[in-house]
Amino acid sequence: MEFRKKRKVDIERRAFNKDWMPKYFFTEIDNKGVCLLCNQSVTVLKEYNIICHYATKHGNYSNNLLEAERQTRATELDRKLARQQKVLVKSTLAQKSSTHASFMVAYHIAKHSKLFSDGEWIKKVHARCSCDQVCPEKRQKFQEVSLSRRTLARRIGKTIGENLTSQLKGLVSFISTVFTGIWMKALTSMILHSFSSLYGAF
Ligand SMILES: [Zn+2]
């Protein structure tokens with residue numbers, strides 16, 4: 001009971017207070033306090049932590065600002081940061097899509113036993129046919145998908161390595177439950193280590 005009460009108080013204390021924005025030029029992003037002046041974040045949402053950051057780094061920032069001016073300035077900075085975040089999220093999503101597309105091509109190249117160098121050829125054909133004829137506005141995005149021989153080899157090696165390691169771990173676990181001898185455990189562990197090293201360094 002006491003524990004629950006304490007936890008509730010703790011959570012309430014860590015909720016972002018909107019007054020902190022004009023007071024200390026802080027906003028909240030993903031349950032973290034973020035400084036609107038230097039974009040540094042405070043992991044634990046406590047007023048004490050925010051005060052410490054503000055006093056240490058921006059102590060004189062708003063000396064000449066009236067209360068209404070602080071509010072206006074804080075709102076402007078908050079909107080600016082929100083715009084920057086939006087651009088960042090968009091860019092991260094585009095990067096993820098590009099990596100995903102690269103893995104997809106690597107998967108099909110491995111599945112159909114094609115050459116790693118076919119990746120560049122696929123890229124050229126796709127750019128000339130699909131992008132130019134159907135969706136020219138996506139051309140640039142497709143150009144950013146890495147399909148070089150080296151990248152495809154790395155992606156295929158990584159995927160095969162992860163699958164094999166996962167399968168081998170299952171095998172080791174199974175053998176360990178059947179054979180309890182120390183030598184058997186050592187042997188299976190050694191096999192797993194060898195395969196992990198081999199494909200991890202691919
Ligand atoms: Zn700051």
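Heavy-atom basis, side chains included; hydrogens, waters and symmetry copies ignored. This structure is a prediction, so every number in the text was calculated from the model and none was measured.
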| said: Set out, in order, the CA-CA distance, both residues' side-chain angles and the distance that settles side-chain contact (heavy atoms from CB on, under 4.5 Å) for His58 and His53, then state yes or no. | reply: CA-CA 8 Å; His58 318 289; His53 177 93; 3.4 Å; yes
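- Counting side-chain heavy-atom gaps under 4.5 Å among Ile, Leu, Val, Met, Phe, Trp and Tyr, the cluster of Val89 also holds Leu93.
- For Lys123, the NZ atom sits in a packed shell: over 12 heavy atoms of surrounding residues, nucleotides or ligands are nearer than 6.0 Å.
- Rounding to the nearest 0.5 Å gives a distance of 8.0 Å between CZ of Phe26 and CD of Gln40.
- In this structure, CD on Glu120 lies 8.0 Å from CG on Leu152, to the nearest 0.5 angstrom.
- Side chain of Asn49 to backbone of Val44: a donor-acceptor contact under 3.5 angstrom is found.
- Counting heavy atoms from C-beta outward, Leu45 and Trp20 have side chains that approach closer than 4.5 Å.
- Counting non-hydrogen atoms of other residues, nucleotides and ligands closer than 6.0 Å to OH of Tyr107 gives a total of 12 or fewer.
- Distance CG/Leu81 to CZ/Arg83: 10.0 Å, rounded to 0.5 Å.
- Annotation: side chain of Glu67 is not in contact with side chain of Gln71 (no heavy-atom distance under 4.5 Å).
- Atom OG1 of Thr75 is separated from atom CZ of Arg70 by 12.0 Å, given to the nearest 0.5 angstrom.
- Qualifying ring pair (Phe, Tyr, Trp, His ring centres under 6.0 Å) partners for His108, counting only residues two or more places apart in sequence or in other chains: none.
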### Task
Decide side-chain contact (heavy atoms from CB on, under 4.5 Å) for His112 and Ile109; before the verdict, give the C-alpha distance in whole Å, the side-chain angles of both, and the deciding distance to 0.1 Å.
CA-CA 5 Å; His112 298 286; Ile109 281 191; over 6 Å; no
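- The shortest side-chain heavy-atom distance between Asp78 and Met21 falls under the 4.5 Å cut-off.
- Rounding to the nearest 0.5 Å gives a distance of 11.0 Å between CG of Asp118 and OG of Ser113.
- A cation-pi arrangement is present between Arg155 and Phe103, with the terminal nitrogen or guanidinium carbon under 6.0 Å from the aromatic centre and inside a 45° cone about the axis.
- Judged by distance alone, the side chain of Ser98 and the main-chain N or O of Ala94 form no donor-acceptor pair under 3.5 Å.
- Note that the CZ atom of Arg154 and the CD1 atom of Ile156 stand 11.5 Å from one another [nearest 0.5 Å].
- Ring-plane geometry between Tyr61 and Phe25 is classed as perpendicular, the angle between the planes exceeding 60 degrees on a 0 to 90 degree scale with a lower cut at 30.
- Residues Arg73 and Ser62 are not in side-chain contact: their nearest non-hydrogen atoms beyond the backbone lie 4.5 Å or more apart.
- The backbone N or O of Val87 sits nowhere less than 3.5 Å from a side-chain atom of Ser91 that would complete a donor-acceptor pair.
- Looking at Asn17 and Glu47, their side chains never come closer than 4.5 Å, going by heavy atoms from C-beta outward.
- At distances below 3.5 Å, at least one donor-acceptor pair connects side-chain atoms of Thr99 with backbone N or O atoms of Gln95.
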